[in-house]
Enquirer: 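Take a look at the following structure, please.
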Amino acid sequence: MLKKLKPLSLLLFLALPLMLAGCSTPEVLDPKGPVASQQSDLIILSIIFMLTIVAVVFVLLTIILVKYRERKDHDKYSPELHGSMLLETIWTIIPIIIVVILAVPTVRTIYSLEEAPQPKTAEAANEDPLVVHATSINWKWVFTYPDEDIETVNYLHIPIHRPVEFKLTSADSMAALWIPSLGGQKYNMAGMQTTLYLQADHVGTYDGRNANFTGEGFNEQRFKVYADEEADYQQWVEDVQNSAPELTQYKYDNLLIPGVYEDGTAEFNGTHLQWIDHSKNADYTLEAWDRLGYEPKNPHAKDKSQNLLREDEIPYYQQDNTVDNSDEDMDSEEHAHAGHE
Amino acid sequence: MDLKWNEFIITGDPLILGAQISILLGGIAVVAALTYFKKWSWLWKEWLTSVDHKKLGIMYILSALLMLFRGGIDGLMIRTQLAKPGMEFLDPQHYNEVFSTHGVIMILFMAMPFLIGLINYIVPLQIGARDVAFPYLNNLSFWTFFVGMALFNISFIIGGSPDAGWTGYTPLATNEFSPGPGQNYYLLAIQIAGIGTLMTGINFFVTILKMRTKGMTLMKMSMFTWTSLITMLIIIFAFPVLTVALAMQTFDRLFGSVLFTLQGDGNPMLWVNLFWVWGHPEVYIVILPAFGIFSEIISTFARKQLFAYKAMVVSIVTISVLSFLVWVHHFFTMGNSAEANSFFSITTMAISIPTGVKIFNWLFTMYRGRITFTTPMLWSLAFIPNFVIGGVTGVMLAMAAADYQYHNTYFLVSHFHYVLISGTVFACFAGLIYWYPKMFGHKLNEKIGKWAFWIFVIGFNVCFFPQYFLGLDGMPRRISTYLPEDGWTGLNMISTIGAFMMGLAFLIFVYNIYYSWRYSPREKTGDAWGLGRNLEWATTSSIPPHYNFAVLPEVTGLDPYWDMKEKGLDQQKNTDYKPIHMPSNSSTPAIMSALMGMAAFGLVFQWYWVGIVGAVGIFITMIVRSFDYNDGYYVSVEEIKETEAKANK
């Protein structure tokens, strides 16, 4: 009885979540841009192969268990059978073939994801990717548009049909920028810069988040991606440029204090790159903590309050601390490569 | 460390308070019972100072079962917190501590000691030896593991647990982002236990190579012995990396070095690399012995020799080599070059080839066999389909370009629970039940055992299968809560139900230990299942005497005991006894390890004077040990005769 129940119950439990999940397509398999669709295609290809392998093993196991279970007569019992060159060769070669079949598209996709997605129209081909610096801070996201000279916290707008070149770095812990509908993640690391190309082909609002554990506020390090038509995107940039407050170094340094961003989202005129590029200087965050009077506290301390200094109490902010990043671009590219190879 | 006295003991959390009270009461109960029944001296002389590989094996397994309970409670707390969106059962800090300790405990203080316990008990018997090569070292290994485990476990009531994940990634784990003693516990507890593991590795590697009985060439060893040998080799190569990496991070945290820090051009990513250079082989350390256990059980209860023995040996050797060539697949998303990611994708997928070969060999071991469905066999059979699910999703994860979407998600969480539970945990249950009569002289009740089995296996699938879909739907690992609009509620609830089913099955399993101790019939022969194939079943009594074999057996082929039975040879007829040389018990390892614990505890809180006193103590015990001229004793022929006569009754 038990042995007949076994494959049956297994099948039942395989089917159950499938049915439940059937209500809506999982986010990763419902791509909204060319990067995510390349990955989704690869995933579906692999699922087909894997289901075949699972089916073969399950069927074989069921047959063997039913046929060769202990019975009264043992006429099928052959204890001397303990090897077969032919069979062993077959099940060595077949997995090799499967691995080769899967390796080819995998490697091709790995290389393809290193480049910006191919433009679909001639007009799009003339456009460079939109550059956005995505900086992770415990526990918020800062998005910097260097060409537009604006900066946002915990949300971003991007135009559709245009590749976005994310320049990823972190002010502190290692994080990972992930927007499942648009494509896979990549790490943000302090003192290094990594590049992630993504693109949206459909207008919409997508969930993005930090996927790599960074401590207490990790849950809430999320953001929204608004993918707009080109004109709407330009309008948004202008609105921010016209109405957003100026980013000061004091304001920015305050963002570096670990914590969830109380106001949810924000936007600023000017970018933090005028003072600091975290991919070149990993020490900056800890220096800012010192300036502001922030001290890390034991999570089990009875008194976890902080006595942060006000801007007018800190002489450092009375002077001009801007650094020139413009002619260092070549260096930064090299640095980035040196950092992650 | 700027730690106030009122922060030393963790207070203010009802769950932790409950644990503190139950630990206190439990401790008092144990001490009271030992005193009342006058068992202190028995405990010390017969067990704690014993160098008998069988007793050490049992102590390893008992500790591992305790840790399975502790780690399981952690797991159930995680699942309770995630059952519904916005749960406030655990706050994020507490949740982070719970999943960090869950990971460390299950891998390092449950899976490894459980398997090392089984290896300790069984391998010397299977190679026809009377003990391991270095019995004193074996006791020291156990005690360093035990002290490391104890140190790690007290963290949640004293000072606070590590909260940077079982991977302890820098810079999150540096002082600036993980202040307090938590991460120090992680570094020092694993360090001490790791030294013990390394010694076990050397000990059993030498034991298997040098202490095999007459006629047992390498290619006549049982599959469990083979997998143990290769596991020990992996330990010897992998654990030094961990030792060094832990020491480096300890220096960062305690002495202000800047190896993995943000400041001073530290390289946090070097830790990530070093961790996985050890961490990936570590997964094979806990899976290869499991493969060995399944091989033994499947072949026993199919009444057939293992199919393609040579191919199985070649497979495990191949797996062990490949295990050192795949560590980068744990961080394909670090922005490695396309060349690097392609290389590590292919090496990772290549591991599926020898593993696949093994799966088919197990299936064909049963082909034309006579399969009986005992509980250990059921666990072994359940391993095959479940492990295949875990394995194929592993191949999916190996495809780097797709991994960018799976990485850090519940897809990954589900994958590694599928391979580690259906591989390692099923093997621990299967092996313990299979060899239980060898250890305790009676079997576990089959009926209760089957209840535990079915509830566990079904609960396991209910718990982890939905998590593949949660991962594909964008649920990251290690989040302590989510929003209703994320759409993950239903599957999470199902998953939690499955987790509690596994918890229930564990309780039934533990009840079965009690029930069988009371009611199971006592075994009269060494071959409890009547189907034994290897030398562990060739002993005269069900529980082997402390010298294992009165006369060492001679081996002519594979499955030597099966062979003897076929040829009608009776191991017990040979009464040409000679005095047996056996090692003496020693109390220095327990004392030395306790001093290591004391030194480490001092370092955790940066009370350096405690550390120095402990370190001096360690050196003193080493000196005492080096002047110990006791080189064992002889078991007289009369005593052997007496013991053997009793066994044959």
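Note that these values count all heavy atoms, side chains included, but never hydrogens, waters or copies made by symmetry. The structure presented is a predicted model; accordingly, all values stated were derived computationally and were not measured. Lettering follows sequence order; numbering is per chain, from 1.
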Enquirer: Starting at NE2 of A:His300, measure out to NE2 of B:His94 and round the result to the nearest 0.5 Å.
Expert: 8.0 Å
Enquirer: I need the minimum non-hydrogen distance between B:Arg477 and A:Phe218, along with the two atoms involved.
Expert: O-CE2, 3.5 Å
Enquirer: With chain B, which of A:Phe49, A:Trp91, A:Tyr111 has the greatest number of heavy-atom pairs at distances under 4.5 Å?
Expert: A:Trp91
Enquirer: Please flag which part of A:Trp178 lies under 4.5 Å from any non-hydrogen atom of chain B: side chain, backbone, both or neither.
Expert: side chain
Enquirer: Kindly compute the distance separating CE (A:Met174) from OG1 (B:Thr170), expressed to the nearest 0.5 Å.
Expert: 8.0 Å
Enquirer: With a 4.5 angstrom heavy-atom cut-off, is it the side chain or the backbone of B:Pro171 that approaches chain A, or both, or neither?
Expert: side chain
Enquirer: Quick check on B:Ser345 against chain A: is it the side chain, the backbone, both or neither that has a heavy atom closer than 4.5 Å?
Expert: side chain
Enquirer: Could you tell me which of B:Lys304, B:His407, B:Gln93 has the largest number of non-hydrogen atom pairs under 4.5 Å with chain A?
Expert: B:His407
Enquirer: Please look at B:Thr409 and chain A and tell me whether the side chain, the backbone, both or neither of the residue comes under 4.5 angstrom of a heavy atom of that chain.
Expert: side chain
Enquirer: Under a 4.5 Å cutoff for heavy-atom pairs, which residue among A:Ala176, A:Gly217, A:Ser173, A:Ser78 has the most contacts with chain B?
Expert: A:Ser78
Enquirer: Kindly indicate whether the side chain of B:Leu483, heavy atoms from C-beta on, has any atom under 4.5 Å from the side chain of A:Arg222.
Expert: yes
Enquirer: Go through A:His74, A:Lys76, A:Glu88 and name the one with the most non-hydrogen pairs under 4.5 angstrom from chain B.
Expert: A:His74
Enquirer: Below 4.5 Å from any heavy atom of chain B, which atoms of A:Leu87 appear? Answer side chain, backbone, both or neither.
Expert: side chain
Enquirer: Measure the spacing between CZ of B:Phe411 and CD1 of A:Ile43 and express it to the nearest 0.5 Å.
Expert: 7.5 Å
Enquirer: Identify which of B:Phe307, B:Tyr406, B:Tyr309, B:Phe331 forms the greatest number of heavy-atom pairs closer than 4.5 Å to chain A.
Expert: B:Phe307
Enquirer: Which residue is it: B:Phe99, B:Tyr95, B:Phe177? I am looking for the one with a ring-ring contact (aromatic ring centres under 6.0 Å, His included) to A:Phe213.
Expert: B:Phe99
Enquirer: If you count heavy-atom pairs within less than 4.5 Å of chain A, which of B:Gly391, B:Gly160, B:Pro476, B:Ser299 leads?
Expert: B:Pro476
Enquirer: Is A:Ile63 close to B:Tyr367 at the side-chain level, that is, under 4.5 Å between some pair of heavy atoms?
Expert: no
Enquirer: A:Ser84 versus chain B, heavy atoms under 4.5 Å apart: side chain, backbone, both or neither?
Expert: both
Enquirer: Name the region of B:Asn361, side chain, backbone, both or neither, that has any atom closer than 4.5 Å to a heavy atom of chain A.
Expert: both
Enquirer: Would you say the side chain of B:Phe373 lies within less than 4.5 Å of the side chain of A:Leu65, judging by non-hydrogen atoms?
Expert: yes
Enquirer: Could you measure the distance from the OG1 atom of B:Thr174 to the CG atom of A:Leu286? Nearest 0.5 Å is fine.
Expert: 7.5 Å
Enquirer: Can you say whether B:Ala400 sits under 4.5 Å from chain A via the side chain, the backbone, both, or neither, judging by heavy atoms?
Expert: both
Enquirer: Is B:Leu262 close to chain A through its backbone or its side chain, or both, or neither, when contacts mean heavy atoms under 4.5 Å?
Expert: both
Enquirer: State, to 0.1 Å, how close B:Gly474 and A:Pro180 come at their nearest heavy-atom pair, and which atoms those are.
Expert: CA-CG, 4.4 Å
Enquirer: Identify which part of A:Lys186 has an atom lying under 4.5 Å from any heavy atom of chain B, answering side chain, backbone, both or neither.
Expert: both
Enquirer: A side-chain contact here means heavy atoms from C-beta on lying under 4.5 Å apart; do B:Met269 and A:Tyr187 qualify?
Expert: no
Enquirer: Flag the pair B:Gln405 / A:Val35 as yes when at least one side-chain heavy-atom distance between them is below 4.5 Å, and no otherwise.
Expert: no
Enquirer: With rounding to the nearest 0.5 angstrom, report the CG to CE distance, A:Leu102 to B:Met396.
Expert: 10.0 Å
Enquirer: Do you know which of B:Ser352, B:Pro92, B:Ala402, B:Ser342 has the most heavy-atom pairs with chain A at a distance under 4.5 angstrom?
Expert: B:Ser342
Enquirer: Most heavy-atom pairs under 4.5 angstrom with chain A, which of B:Thr372, B:Ile10, B:Thr167?
Expert: B:Ile10
Enquirer: Atom NZ of residue position A:Lys304 - does it have more than 12 heavy atoms of other residues, nucleotides or ligands inside 6.0 Å?
Expert: yes
Enquirer: Taking every non-hydrogen pair under 4.5 Å, which of A:Ala36, A:Gly83, A:Pro95 racks up the most with chain B?
Expert: A:Gly83
Enquirer: Could you have a look at A:Asn210, A:Asn138, A:Asp283, A:Ile53 and say which one has the most heavy-atom pairs with chain B under 4.5 angstrom?
Expert: A:Asp283
Enquirer: Identify which part of B:Ala302 has an atom lying under 4.5 Å from any heavy atom of chain A, answering side chain, backbone, both or neither.
Expert: backbone
Enquirer: Could you give the distance from CD (A:Glu70) to CZ (B:Arg370), rounded to the nearest 0.5 Å?
Expert: 4.0 Å
Enquirer: Return yes when atom CZ of A:Arg108 has more than 12 non-hydrogen atoms of other residues, nucleotides or ligands closer than 6.0 Å, and no otherwise.
Expert: no
Enquirer: Salt-bridged, A:Arg209 to B:Asp486, with N to O below 4.0 Å?
Expert: no
Enquirer: Which bit of B:Glu97 comes within less than 4.5 Å of chain A, counting heavy atoms only: side chain, backbone, both or neither?
Expert: side chain
Enquirer: Heavy-atom distances under 4.5 Å only: say whether B:Val395 touches chain A with side chain, backbone, both or neither.
Expert: side chain
Enquirer: Which pair of non-hydrogen atoms, one from A:Ile64 and one from B:Ile371, has the smallest distance, and what is that distance?
Expert: O-CD1, 3.8 Å
Enquirer: Evaluate the criterion side chain to side chain contact (heavy atoms under 4.5 Å, CB included) for residue pair B:Glu176 and A:Thr285; output intermediate values, then yes/no.
Expert: CA-CA 11 Å; B:Glu176 286 74 20; A:Thr285 305; over 6 Å; no
Enquirer: For the residue pair B:Arg368 and A:Leu81, what are the closest heavy atoms and their distance?
Expert: CD-CD2, 4.3 Å
Enquirer: Any side-chain to backbone donor/acceptor pair from B:Gln305 onto A:Glu80? Under 3.5 Å, distance only.
Expert: no
Enquirer: With a 4.5 Å heavy-atom cut-off, do B:Val392 and A:Ser46 have their side chains touching?
Expert: no
Enquirer: For the interface with chain B, which of A:Thr109, A:Thr214, A:Asp172 has the highest count of heavy-atom pairs at distances below 4.5 Å?
Expert: A:Asp172
Enquirer: Tell me whether A:Lys302 at atom NZ has more than 12 heavy atoms from other residues, nucleotides or ligands lying less than 6.0 Å away.
Expert: yes
Enquirer: What are the two closest non-hydrogen atoms of B:Ile346 and A:Ala103, and how far apart are they?
Expert: CG1-CB, 4.1 Å
Enquirer: Where does A:Ala171 contact chain B at under 4.5 Å (heavy atoms): side chain, backbone, both or neither?
Expert: backbone
Enquirer: With no hydrogens and no angle check, just 3.5 Å: does a side-chain donor-acceptor pair link B:Ser480 and A:Asn219?
Expert: yes
Enquirer: Between B:Tyr482, B:Phe364, B:Tyr169, which has the largest tally of heavy atom pairs under 4.5 Å with chain A?
Expert: B:Phe364
Enquirer: Of the backbone (N, CA, C, O) and the side chain (C-beta and beyond), which part of B:Ile359 lies under 4.5 Å from a heavy atom of chain A, both, or neither?
Expert: side chain
Enquirer: Which atoms form the tightest heavy-atom contact between A:Glu114 and B:Ala338, and what is the distance?
Expert: CG-CB, 4.0 Å
